[in-house]
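Presented below is the structure to which this report refers.
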Amino acid sequence: MVRLIGDKIREKRISFGYSQMTVAKMCNSDSQAMISRLENDQGAVNYQHLFKVLNVLELSVTDVIEEEVTEESQLLNELRDLRLRSEFNKMMRLLKTKSLAYYEKDIKRTIYYYWYSSIYHAARKEYYKADRLLDVAIAEIEETKQYKHLLPEILIAKGNIAFGKDKNGLVYYKRANELYNPVSSPETFKDIVRINYLFAAAHCRTEKYNLAHIHINKAIKELNKYESNFLRIKLELSRLILFYRQKSPNFESQKLFFLEFAKALGSPTNMDSLNKLFKFE
């Protein structure tokens, strides 16, 4: 059981983007070793320390000892997978398999309901409705002081909606980055790539091209570290668009690289699609 508790603590700490030392300090301790012992089942459990750590990571005793997958966790995991795959219609259909009363019985469900409903409406370009729904999710987190680790993702969605409304959403991305600044790891690198991609897109919209390049480089460096192509096509295309807008001499070489890279990954992108994108004759 202690091993299970350690695994759950490590998983939650990483999802928050906290180092072991950060958690220790939040527990009013400077002992990183204490967190390491809890995570790695080394020595007897100090329950006073354990409960402090659980409180910081917003975990209950039930959370860390429950082995079976609950109906709620299965639903939320399926919704998350659909969101990450941008299958928003399926996500909304799944969301509606439960009544509003089901979601409102629990603060976590409530937050997810309004957050994911907002994403669905944003995908349909119903930005003002989406914005109001996100405000409800944010208010729930701020009023209850629970599930604060979800706030960065929700702020990213808020930034996306702001750009959809022809406003500058960069302030929301910056706040999200301040709240979620994870240490690079196999568990966090995709989130690091995604937030840098969003920063690059935001800077491109505001014509701060040099800053956009910096974030693309950070994202690609992270992908190379873990030998992953997650979002790589979008990142390389973003770099191509940046070169085009800057009238950079690197545009032609990046175009050739992008086409070869896309072909290697089996992407349908070809010269015809690029010509259409850039309106070449």
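Just so it is clear, the structure is predicted and the values come from calculations on it, not from any experiment. Note: hydrogens, waters and symmetry copies are ignored here, and every other heavy atom, side chains too, is used.
No more than 12 heavy atoms of other residues, nucleotides or ligands lie within 6.0 Å of NZ in Lys263, so this atom counts as exposed by the packing criterion. Other residues, nucleotides and ligands place no more than 12 heavy atoms under 6.0 Å from the NZ atom of Lys167. Within 6.0 Å of the CZ atom in Arg205, the count of heavy atoms belonging to other residues, nucleotides or ligands exceeds 12. Residue-environment remark: NZ (Lys225) exceeds the threshold of 12 foreign heavy atoms within 6.0 Å.
Phe243 has its ring centre less than 6.0 Å from the ring centre of His213. Aromatic rings of Tyr120 and Phe88 (six-membered ring for Trp) have centroids beyond the 6.0 Å cut-off, not under it.
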Full working for side chain to side chain donor-acceptor pair (under 3.5 Å) between Arg132 and Tyr128: CA-CA 6 Å; Arg132 289 194 299 272; Tyr128 288 91; over 6 Å; no
Audit row: Arg194, Glu222, salt bridge (Lys or Arg N to Asp or Glu O under 4.0 Å) steps and yes/no: CA-CA 10 Å; Arg194 196 164 64 84; Glu222 195 73 7; over 6 Å; no
Derivation of the side chain to side chain donor-acceptor pair (under 3.5 Å) call for Tyr226 and Ser184: CA-CA 10 Å; Tyr226 296 100; Ser184 175; 2.9 Å; yes
Criterion salt bridge (Lys or Arg N to Asp or Glu O under 4.0 Å) on Lys90 and Glu87, from CA distance to verdict: CA-CA 6 Å; Lys90 289 183 179 179; Glu87 296 184 34; 3.2 Å; yes
Evaluation steps, salt bridge (Lys or Arg N to Asp or Glu O under 4.0 Å), between Arg175 and Glu178: CA-CA 5 Å; Arg175 187 179 168 203; Glu178 289 168 1; over 6 Å; no
Trace of the salt bridge (Lys or Arg N to Asp or Glu O under 4.0 Å) decision for Lys108 with Glu140: CA-CA 9 Å; Lys108 183 178 182 180; Glu140 292 285 349; over 6 Å; no
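When all heavy atoms are compared, the tightest approach of Met91 to Leu79 is O-CD2, 3.4 Å. For the pair Ser118 and Ala130, the tightest heavy-atom approach, listed with the atom from each and the gap, is OG-O, 2.7 Å. Counting all heavy atoms, side chain and backbone alike, Arg245 lies closest to Cys204 at NH1-SG, 3.2 Å. Of all heavy-atom pairs between Ser117 and Met92, the closest is OG-CE, 3.9 Å.
Judged by the 6.0 Å distance and 45° axis criteria, Arg239 is not positioned over the aromatic ring of Phe258. Both tests do not hold together for Lys165 against Tyr127: distance to the six-membered ring centre under 6.0 Å, angle to the ring axis within 45°.
Using a distance-only test at 3.5 Å, with no hydrogens or angles considered, a donor-acceptor pair links the side chain of Asn77 to the main chain of Ser73. Looking at Thr206, its side chain does come within 3.5 Å of a backbone N or O of Ala202 through a donor-acceptor pair.
In this model, a donor atom of one side chain and an acceptor atom of the other lie less than 3.5 Å apart for Asn224 and Arg232. Side chain to side chain, Asp135 and Tyr114 fail the donor-acceptor criterion of an N or O pair below 3.5 Å.
Taking CG of Leu95 as the reference point, atom OH of Tyr102 lies at 10.5 Å (rounded to 0.5 Å).
Under the 4.0 Å criterion applied to side-chain N and carboxylate O atoms, Glu252 and Lys255 are assigned as salt-bridge partners.
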